[in-house]
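Following: one structure in structure tokens, then a few remarks.
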Number of protein chains: 2
Amino acid sequence: MRVKRISRFEFQLLERFWELGPSSVREVQEALPEEHRPAYTTVQTMIYRLEEKGALRRLKKIGNAHIFEAVLTRTAVHKRLITDLLEMFGGSPTSVMSHLVETGKLTLADIRAIERDLSRRERKS
Amino acid sequence: MRVKRISRFEFQLLERFWELGPSSVREVQEALPEEHRPAYTTVQTMIYRLEEKGALRRLKKIGNAHIFEAVLTRTAVHKRLITDLLEMFGGSPTSVMSHLVETGKLTLADIRAIERDLSRRERKS
DNA sequence: GCAAATCTACTACGCATGTAGTATGTAGGA
DNA sequence: TCCTACATACTACATGCGTAGTAGATTTGC
């Protein structure tokens, strides 16, 4: 089953679940940054929508509150986001890297670290 | 002036302009892949919206048709997309790279190529 | 046991996006 | 010149997202 598209704010909420583990609406809402913290019912609505999309599920009930947990893993969603972006770029990962480098976001040290990591992995397999 | 958000389909249209240079609505519409080619007026509407967003401008008029051209460069928009994605990842470019590596999209050779490129650049500056 | 707090479930609404129709204007060939 | 083909400008509408309010159920503290 192809996972439905996850919006930016939905992604923020999922991050909370990955961070906190199974949580109630209240817990997630309070874990959001104070500066931009939507109303309780706003968070509730988004959580319901994530449930409909199959990204969250109701785990149990504590008191009168439902406890939700993430169905998708952080890694899976991250991959999906990157794959989508890559698709827009005609599937060229090197051009993504070039941009990262050009904006100074990726340093030589970062690249060397990844390279070490990757060559270690290749030797193993 | 902060450039407004560009949607997926808007991005597809911009790609046509980067490819074709200044073009009419008709030319852009016909350059879209046959499988998923929206109606002429659909493309027209989206082009008007891109104009409102400042991503396109009317260059001149040929016959009774307006010729539009891209204001933003492909590179600028690509950077913006990557920056946005990065923001979602907590600004960590290495995790983006890790995912590219994990999905097999980025090879050791790719990384070495970028590394060479970057170290050359660093020596120069 | 009752009132206050809290939660759920539902509804609403404005803006963005993708889609396209319609009325009107213009250009160019017979 | 007048008809036809094409373009413009405007309007419309469904869906998704971000936002939140309200009515009614449930819990809990006293």
Side-chain angles (χ1 to χ4, degrees), chain A residues 2-16 22-69 77 80-81 84 87-88, chain B residues 2-17 20 22-69 77 80-81 84 87-88:
Chain A
R2 179 76 168 163
V3 172
K4 283 210 175 69
R5 197 146 197 78
I6 300 296
S7 76
R8 303 179 97 66
F9 183 44
E10 283 170 347
F11 181 76
Q12 299 302 311
L13 295 182
L14 283 178
E15 287 282 10
R16 301 305 133 190
S23 313
S24 65
V25 174
R26 178 69 60 190
E27 285 167 318
V28 170
Q29 194 235 350
E30 285 178 352
L32 292 172
E34 292 177 53
E35 316 88 64
H36 187 62
R37 186 177 293 166
Y40 177 86
T41 47
T42 300
V43 177
Q44 191 198 25
T45 302
M46 296 309 285
I47 285 178
Y48 286 177
R49 288 183 186 162
L50 278 168
E51 193 192 9
E52 272 162 29
K53 288 186 183 184
L56 288 179
R57 73 162 157 243
R58 286 167 202 232
L59 185 62
K60 55 181 174 176
K61 208 166 173 181
I62 293 182
N64 59 349
H66 290 293
I67 304 298
F68 296 84
E69 80 174 338
V77 175
R80 171 68 192 275
L81 285 171
D84 282 1
E87 209 177 281
M88 297 178 76
Chain B
R2 178 74 167 165
V3 173
K4 282 209 176 70
R5 195 144 200 80
I6 300 296
S7 78
R8 300 179 99 67
F9 182 44
E10 284 170 346
F11 182 76
Q12 298 303 311
L13 294 183
L14 283 178
E15 287 283 10
R16 299 306 132 190
F17 280 99
L20 304 171
S23 313
S24 65
V25 174
R26 179 68 60 188
E27 285 167 320
V28 170
Q29 194 235 350
E30 287 179 352
L32 292 173
E34 291 176 55
E35 315 88 68
H36 186 62
R37 186 178 293 166
Y40 177 87
T41 48
T42 301
V43 177
Q44 191 198 23
T45 303
M46 296 309 285
I47 286 180
Y48 286 178
R49 286 183 189 162
L50 279 167
E51 193 192 9
E52 270 161 31
K53 288 184 182 182
L56 287 179
R57 74 162 156 239
R58 287 169 201 229
L59 185 61
K60 55 182 174 176
K61 208 168 173 178
I62 292 182
N64 60 346
H66 291 294
I67 304 298
F68 295 85
E69 79 174 340
V77 174
R80 172 67 192 277
L81 286 171
D84 283 1
E87 209 177 281
M88 297 178 78

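None of these values were measured; they are calculated from a predicted model. Reminder, nothing fancy here: chain letters follow the sequence lines and each chain counts from 1.
Of all heavy-atom pairs between A:A31 and A:R16, the closest is O-NH1, 3.7 Å. A pairwise comparison of heavy atoms in B:S23 and B:F17 identifies O-CE2, 3.7 Å as the closest pair. When all heavy atoms of A:V43 and A:P38 are compared, the closest pair comes out as CG2-O, 4.3 Å. The two residues A:I6 and A:A55 make their nearest non-hydrogen contact at CD1-CB, 4.3 Å. Taking all atoms of both residues into account, the shortest heavy-atom contact from B:M88 to A:F11 is O-CE2, 3.3 Å.
The side-chain heavy atoms of B:V25 and B:T41, taken from C-beta on, include no pair separated by under 4.5 Å.
To the nearest angstrom, P of D:dC17 lies 12 Å from CG of A:L13. If you measure from atom CZ of A:R37 to atom P of D:dA20, you get 13 Å, rounded to the nearest angstrom. Atoms OH (A:Y48) and P (D:dA20) sit 16 Å apart, rounded to a whole Å. Atoms CG (B:N64) and P (D:dA5) sit 15 Å apart, rounded to a whole Å. Note: CZ (A:R8) to C1' (D:dT19) measures 18 Å, nearest angstrom. A straight line from NE2 of A:H66 to C1' of D:dA25 spans 11 Å, rounded to a whole angstrom. The NZ-C1' distance, from B:K60 to D:dA7, rounds to 17 Å in whole Å. Distance, A:F11 CZ to D:dC17 C1': 17 Å, rounded to whole Å.
Here A:L50 contributes atom CG and A:L14 contributes atom CG; the two are 5.0 Å apart, rounded to the nearest 0.5 Å.
Along DNA chain C, the stretch of nucleotides lying under 4.0 Å from any heavy atom of chain B spans, 5' to 3', C:dT17 to C:dA27.
Contacts between residues 24-36 of chain B and DNA chain C, counted as heavy-atom distances below 4.0 Å, involve B:H36.
Note on B:T42: a base of the nucleic acid sits closer than 4.0 angstrom, heavy atoms only.
Where B:M46 and B:T41 each meet DNA chain C at their nearest nucleotide, the meeting point lying more 5' is that of B:M46. Annotation: of the two residues near DNA chain D, A:R49 and A:G63, the 5′-most nearest-nucleotide partner is A:R49.
For B:Q44 against D:dA9, a side-chain N or O and a base N or O form a donor-acceptor pair under 3.5 Å.
Between B:E10 and B:R49 there is no salt bridge, since no side-chain N of the basic residue sits under 4.0 Å from a carboxylate O of the acidic one.
Side-chain N/O atoms of A:K53 include one lying less than 4.0 angstrom from OP1 or OP2 on D:dC17.
A donor-acceptor pair shorter than 3.5 Å can be found between the side chains of A:Y48 and A:Q44.
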